[in-house]
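Below is one structure, written out as structure tokens, with a few remarks after it.
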Amino acid sequence: MIKKAVIPAAGYGTRFLPATKSQPKEMLPVVDTPTIQYVVQEAIDSGINDILMIIGRGKRAIEEHFSRNFELEAQLRDKGKEAELALIDTLPPGVRIHFVWQHEQNGLGDAIRCAEDHVASEPFAVLLGDTVLESYEERPVTRQLMDVYAEKEELVIALEEVPEHHVSRYGIVAGEDIGDGLVSIRDMIEKPSMNEAPSNLAVASRYILPPEIFSALEVVEAGKGGEIQLTDAIRILLSQRPLYGCRINGRRHDLGNKLDFLKSSVLFALKRSDMKDDVASWIKELSASLEG
Ligand code: G1P
């Protein structure tokens with residue numbers, strides 16, 4: 001049973017400068033909601049109510065977003081703005097968010113290391129804070145992985161096919177399909193070149209990890225970019241135990257990428273009943289003007 005989620009959100013967000021010079025990339029809004037709120041909601045909708053966020057310098061806005069703002073609440077209540085009041089209620093009752101500080105930014109693996117005291121000896125979910133995963137079914141993507149874990153009780157990672165020229169942006173796996181959307185993973189490599197990549201199946205921002213990952217992170221050496229890579233630590237475990245990949249029934253929105261960010265904002269607006277019609281007619285006008 002997975003009860004805890006870890007959300008690393010300490011990275012600088014250099015791909016989104018200058019917007020991220022003084023605000024966390026995880027707070028960039030898609031329509032009107034910060035990216036990280038979608039991620040937290042995915043964990044909650046998957047049945048997790050204990051969330052640990054790994055933050056660093058310049059990330060205070062995330063803490064504030066998930067704390068109560070009594071002054072603003074009082075003001076909205078006085079003015080009878082009930083709808084707005086509901087919008088700033090960012091955490092349902094019973095859900096607890098904890099924060100831990102990553103002092104030096106030394107890679108995703110190093111960030112996960114900061115979760116050791118909190119998750120202790122339990123398996124846990126990892127959701128990267130700058131990526132929203134849209135599910136094509138009722139179960140959120142993290143829940144899809146948790147259900148695989150419930151059956152296999154082994155490491156599970158989310159996988160998504162990417163175009164060949166994008167493999168160098170991701171962790172890429174080698175393995176065999178074993179049915180039900182599962183892949184038995186033989187090997188994985190962090191951000192390979194197109195020639196080195198064993199497939200086009202990319203690690204897609206969600207993981208279920210066992211507590212043994214922490215001992216692997218202790219011994220793993222700096223990898224790609226001179227940083228401690230989670231992929232390399234998982235690879236150590238892979239020599240000792242099975243690793244399952246789950247082809248997600250959904251799609252990934254990498255909001256650290258400018259083009260994806262723009263596309264996602266439009267796609268998410270099209271899903272909103274209060275915006276859909278206006279946005280659709282604007283897109284039609286725009287596309288007509290581009291053709292004409
Ligand atoms: C991280 C992981 C990589 C994974 C990617 C998307 O890279 O290291 O293996 O494919 O997230 O989930 P980052 O985007 O943090 O550079």
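One-based numbering, in listed order, for ligands and for the atoms of each. All figures in this text were calculated on a predicted structure; none of them were measured in a lab. Residues: numbered from 1 along the sequence shown. Quick note: numbers below take in every heavy atom, side chains included, and nothing from hydrogens, waters or symmetry partners.
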Could you pull out every donor-acceptor pair under 3.5 Å between side chains of residues 281-291 and any protein atom, sequence neighbours left out?
from	atom 1	to	atom 2	distance (Å)
Ser281	OG	Asp277	O	3.2
Ser281	OG	Asp278	O	3.2
Ser289	OG	Leu286	O	2.8

Practice task
Pick out which of Leu201, Asp232, Ile172, Leu243 makes a side-chain contact (heavy atoms from CB on, under 4.5 Å) with Met188.
Solution key: Leu243
Exercise for the section: Mark up the atoms of ligand 1 that fall under 4.0 Å of a heavy atom belonging to Gly171, in ascending order. Expected result: 3 (C), 4 (C), 9 (O), 10 (O)
Problem - Close side-chain approach of Val220 to Arg235, heavy-atom, < 4.5 Å - result: no
Exercise for the section: Identify, for atom 12 (O) of ligand 1, the protein heavy atom at the shortest distance, and state residue, atom and that distance. Expected result: Ser205 N, 2.8 Å
Completion exercise
Check: of Lys224, Met188, Arg15, Glu190, min heavy-atom distance to atom 8 (O) of ligand 1 comes from Glu190
Fill in the blank from the handout: So OH of Tyr244 and CG of Leu182: to nearest 0.5 Å the spacing works out to 8.0 Å
Completion exercise
the protein heavy atom lying closest to atom 4 (C) of ligand 1 turns out to be Val203 O, 3.6 Å
Completion exercise
A student comparing Arg169, Gln229, Lys191 should find that the heavy atom closest to atom 13 (P) of ligand 1 comes from Lys191
Problem - Test item, Ala204 contacting ligand 1 (heavy atom, 4.0 angstrom) - result: yes
Practice task
Answer with side chain, backbone, both or neither: which part of Thr231 has a heavy atom less than 4.0 angstrom from an atom of ligand 1?
Solution key: side chain
Exercise for the section: Return a yes/no value: protein heavy atom under 4.0 Å from atom 15 (O) of ligand 1? Expected result: no
Handout entry: Lys/Arg cation over aromatic Phe16: Lys25, 6.0 Å, 45° cone
Key = no
Exercise for the section: Measure the shortest side-chain to side-chain distance between Val203 and Tyr170 over non-hydrogen atoms and say whether it is less than 4.5 angstrom. Expected result: no
Exercise for the section: State which residues pass salt bridge (charged side-chain N to carboxylate O under 4.0 Å, His left out) with Glu122; sequence neighbours excluded, sorted by chain then number. Expected result: Lys4
Problem - Sub-4.0 Å heavy-atom contact, Leu128 with ligand 1 - result: yes
